Visitor: 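I'd like to ask you about the structure that follows.
Within every chain, numbering begins at 1; the chains are lettered A, B, ... in the order of the sequence lines, protein sequences first and strands thereafter. Remember, predicted model here, so these are calculated numbers, not experimental data.
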There are 2 protein chains.
Amino acid sequence: MKPITLKDLALKLNISVTTVSKALKGYSDVSKSTRDAVFALAEEMNYTPNSVAVNLRTRQTNTIGVIIPTIVHQFFSKVIDGIIEEAEKKGYLVITLQSNESVKLEKKQIDLLLNKRVDGILISLANDQKEIKHLQKVINKKTPLVLFDKISKSLVCSKVVINDREAAYNAVTHLIQSGCKKIAHFRGPLNPQNSIDRYLGYRKALEDNNIKFDKSLIYTCEDVSFEEGYKFAEDIYEKNKDIDAVFAITDLVAVGAIAYFNENNIAVPNQISVIGFSNWFMSSVISPSLTTVDQPGYKMGKKALKLLFKEMNAQKKGKEFIPETIVLPTKIIKRNSTLI
Amino acid sequence: MKPITLKDLALKLNISVTTVSKALKGYSDVSKSTRDAVFALAEEMNYTPNSVAVNLRTRQTNTIGVIIPTIVHQFFSKVIDGIIEEAEKKGYLVITLQSNESVKLEKKQIDLLLNKRVDGILISLANDQKEIKHLQKVINKKTPLVLFDKISKSLVCSKVVINDREAAYNAVTHLIQSGCKKIAHFRGPLNPQNSIDRYLGYRKALEDNNIKFDKSLIYTCEDVSFEEGYKFAEDIYEKNKDIDAVFAITDLVAVGAIAYFNENNIAVPNQISVIGFSNWFMSSVISPSLTTVDQPGYKMGKKALKLLFKEMNAQKKGKEFIPETIVLPTKIIKRNSTLI
DNA sequence: GATTATACCGAAAACGATTTCGATTTTCGT
DNA sequence: ACGAAAATCGAAATCGTTTTCGGTATAATC
């Protein structure tokens, strides 16, 4: 009924708890005969060590914490997928928390994880990130920390990101190379670094190709939704019939725009090209299928965890660890919503 | 540097660890003055209890484990979302694991969670579920267990499901009521109870409406993909031009079918109606938007956890707990891929 | 046979908290 | 001022492991 403990084994074998423990852990000062006996009994009684006790004694939990804005989101669930897989390989378990874009919640969750004595924390920040005290606390406590995707530049720790600016630059360049000249940008909210960077990439691409920036072609999403994409497409088309391309902050917004164009017999890509961002699953099954920028979530999760492990190991060996920043490559997934 | 412990506080205050602990926990045999002093110092030194030690002593971890086939899947990430939210409310943390549809992995993971001494386990079974020994073990160890979505009928424990058979029955009835007479079914793999039940619901609906069952209208998906939906749609249309409806095991398969019909100018829903299953996000953004059966993942997660808590509480009080099965209602989300 | 080396084992402390139970002190009625 | 009741406190056991350090017993060496 009650879980078997070392003590139970020791009692049955008439030896000390110490010896049982040492036998099980392969210490050399245990005779073969007692070792065998211990293993046999452990097997028979189905002994499994109590992780909690081990954790207390060894001061490590083999558990890491992950905080993301939301899990119901292709990109983030891919990241989680990558993290969990990689963690399991090394015998680590993953506790997942959602901040729902609330810094307040994020703080609480950091505390929770710290109390749980997780061996490390991975986090993708909530949008309105000015406050970083709670993260500084993590660093001060010497708990390894890696930021991914939505990061804070002012925090000294490891990071895994994509180059949003470059990716956006490439996306818009792709549009320009296919002949587009009047390119709208349905950008993300004003705060997040991601959406700023993509916006800057857009501008840089225009600039490098001698296309004059036109403020009226910029629309700012608030909740980055299908509906916004649809609405903005409608609005911009009514005001600018000669628009010939849309670069959307996200596939979902792009799909919204395509829906409007489809319904109103505006040919995509012949009249208007559309390019999205993220390569969500959905973008391959709509018609026309959506050209987009692949954002490698799975890989990002894996890399982030690997960096975390690196830091954890350095710490174990008492070595100093210098934070690293990994920039993952993105690539354009060419489908049927753009020309060429 | 090192985390503050009760001992540290006790030392500074020149009182015993016992008293510090009792003060913090609000025991009545601590004077107001020392209580205040303790709280003040705890605050000042930023004391937080070491959960691991507490867990060992109290024999509970305030952690639950969840095993799902895969997390990169709208339905399951919604379930996880529901679970995490509900857990957090009660101060519980969630460890998520993916079985990747492998029973072998599932077993390992169960053991991992058991060793971690999680307070309870939620699991949605891998597809080829014949073996249930590892789950029986969980029950034998008196660790509360709740199955959801993909369950095993032969296991005596709480369950949260939808009535797949009835849901499918309603979906097909919807097609029939809209005038469809030759209805194909792109069913799921042969093993999972889900896909069996949906198939049975399909047959029952035909039977109740005096439509002869035609084996040649049944296609069996193996990996339940977009491509399969596309391929099956092509095949069946070439063999049966008079087909007038498709009931697909999943939205993704349905979307694949719609893609084929769209490309070949077969009007959906006027010539052929299509109905899916699950209400994935994607189904609302394709065109025509997909009529489907809503499968309440978020709610399922919440309910499953509530059941788990119920069992955990009963156990704490030493009460007997009788497993419950909750059947969540589904409803048809009428969109534009079916008539009426 | 005395000495040293080797093999094997176990007592005990530690990890950080909780809780029981007994001890001491204070308060108060008379 | 005395005894009883109430208010405070702390020692110690416990949760289940790990690990250090010392102690025996046996084998090897001369």
Side-chain angles (χ1 to χ4, degrees), chain A residues 1-39 41-42 45-63 91 114-119 141-142 316, chain B residues 1-39 41-42 45-63 91 114-119 141-142 316:
Chain A
M1 191 79 89
K2 283 246 164 132
I4 308 299
T5 69
L6 288 184
K7 204 172 161 188
D8 297 329
L9 300 183
L11 244 45
K12 276 225 174 182
L13 291 170
N14 248 327
I15 56 177
S16 76
V17 172
T18 306
T19 306
V20 178
S21 171
K22 286 204 276 199
L24 255 15
K25 301 208 71 191
Y27 274 59
S28 61
D29 62 345
V30 177
S31 71
K32 189 174 180 322
S33 63
T34 63
R35 190 204 323 283
D36 289 349
V38 169
F39 269 99
L41 187 66
M45 297 187 69
N46 226 313
Y47 167 78
T48 57
N50 181 329
S51 303
V52 180
V54 176
N55 294 342
L56 178 60
R57 173 65 223 222
T58 61
R59 293 153 168 289
Q60 64 162 45
T61 54
N62 281 38
T63 304
L114 250 23
N115 289 0
K116 258 278 164 186
R117 297 294 190 271
V118 292
D119 296 336
K141 291 209 174 197
K142 306 263 182 232
K316 261 187 227 166
Chain B
M1 190 80 88
K2 283 244 162 136
I4 309 298
T5 68
L6 287 185
K7 204 172 161 188
D8 298 328
L9 300 183
L11 244 46
K12 277 226 175 184
L13 291 170
N14 248 328
I15 55 177
S16 74
V17 171
T18 308
T19 306
V20 178
S21 171
K22 287 204 275 198
L24 256 15
K25 301 208 72 190
Y27 275 58
S28 61
D29 61 345
V30 177
S31 72
K32 188 174 180 318
S33 62
T34 64
R35 190 204 323 283
D36 289 349
V38 169
F39 270 99
L41 188 65
M45 299 187 67
N46 228 313
Y47 168 79
T48 56
N50 181 328
S51 304
V52 181
V54 176
N55 294 342
L56 178 60
R57 173 64 224 223
T58 61
R59 294 152 169 288
Q60 63 162 44
T61 54
N62 281 38
T63 303
L114 250 22
N115 289 0
K116 259 276 163 190
R117 298 293 190 269
V118 293
D119 296 336
K141 291 208 175 199
K142 306 262 181 232
K316 262 187 226 167

Visitor: Can you check whether B:V17's main-chain N or O pairs, donor with acceptor, with B:S21's side chain at less than 3.5 Å?
Guide: no
Visitor: For A:D29 and D:dT26, give me the distance from atom CG to atom C1', rounded to whole Å.
Guide: 16 Å
Visitor: According to a strict under-4.0 Å criterion, is B:R35 in side-chain N/O contact with OP1 or OP2 of D:dT8?
Guide: no
Visitor: Treating A:R117 as the side-chain partner and A:L114 as the backbone partner, does any N or O pair qualify as donor plus acceptor under 3.5 Å?
Guide: yes
Visitor: Answer yes or no: side-chain N or O of B:R57 and base N or O of C:dT18 forming a donor-acceptor pair under 3.5 Å.
Guide: yes
Visitor: Once you round it to whole Å, what is the distance between P of C:dT6 and OH of A:Y27?
Guide: 21 Å
Visitor: Within the pair B:Y47 and C:dA17, is there a side-chain N or O less than 4.0 Å away from OP1 or OP2?
Guide: yes
Visitor: Roughly how many Å is it from CG in A:L56 to C1' in D:dT14, rounded to a whole number?
Guide: 12 Å
Visitor: Taking only side-chain nitrogens and oxygens of A:S31, does any of them come within less than 4.0 Å of OP1 or OP2 of C:dC9?
Guide: yes
Visitor: Report the nucleotide, chosen from D:dT19, D:dT8, C:dT19, that has the shortest atom-to-atom distance to any side-chain atom of B:K22.
Guide: C:dT19
Visitor: Side chain of A:T18 only, heavy atoms from C-beta on: which candidate in D:dA11, D:dT17, D:dT20 is closest?
Guide: D:dT20
Visitor: Please lay out, stage by stage, how A:D8 and A:K12 fare under the test salt bridge (Lys or Arg N to Asp or Glu O under 4.0 Å).
Guide: CA-CA 6 Å; A:D8 297 329; A:K12 276 225 174 182; over 6 Å; no
Visitor: Roughly how many Å is it from NZ in B:K2 to P in C:dA17, rounded to a whole number?
Guide: 13 Å
Visitor: Could you tell me the separation between the CD1 atom of B:I4 and the C1' atom of C:dA17, rounded to a whole number of Å?
Guide: 15 Å
Visitor: Checking all strands, does A:P3 fall into the base, sugar-phosphate, or nothing category for heavy-atom contacts under 4.0 angstrom?
Guide: nothing
Visitor: Check for a donor-acceptor pair, side chain of A:T18 on one end and backbone N or O of A:S16 on the other, with a separation under 3.5 Å.
Guide: no
Visitor: Take atom CG of B:N50 and atom C1' of D:dC15, then tell me their distance rounded to the nearest Å.
Guide: 13 Å
Visitor: By nearest heavy atom, map A:V17 and B:T58 onto DNA chain D; which one lands nearer the 5' end?
Guide: B:T58
Visitor: Within the distance-only criterion (no hydrogens, no angle test), does the side chain of B:S51 pair as donor or acceptor with the backbone N or O of A:N115 below 3.5 angstrom?
Guide: yes
Visitor: Tell me whether the side-chain N/O atoms of B:T19 come closer than 4.0 Å to OP1 or OP2 in D:dG10.
Guide: yes
Visitor: I'd like to know if A:S16 reaches the base of C:dA11 with its side chain, counting only an N/O donor and acceptor under 3.5 Å.
Guide: no
Visitor: Quickly work out the B:K32 NZ to D:dC9 P distance and round it to whole Å.
Guide: 13 Å
Visitor: Rounded to whole Å, please give me the gap between CG in A:N14 and C1' in C:dG10.
Guide: 13 Å
Visitor: Between C:dT18 and B:S21, is there an OP1 or OP2 to side-chain N/O distance shorter than 4.0 Å?
Guide: yes
Visitor: So if I take every side-chain heavy atom of A:I15 and compare against C:dT19, D:dT8, C:dG10, which nucleotide ends up nearest?
Guide: C:dG10
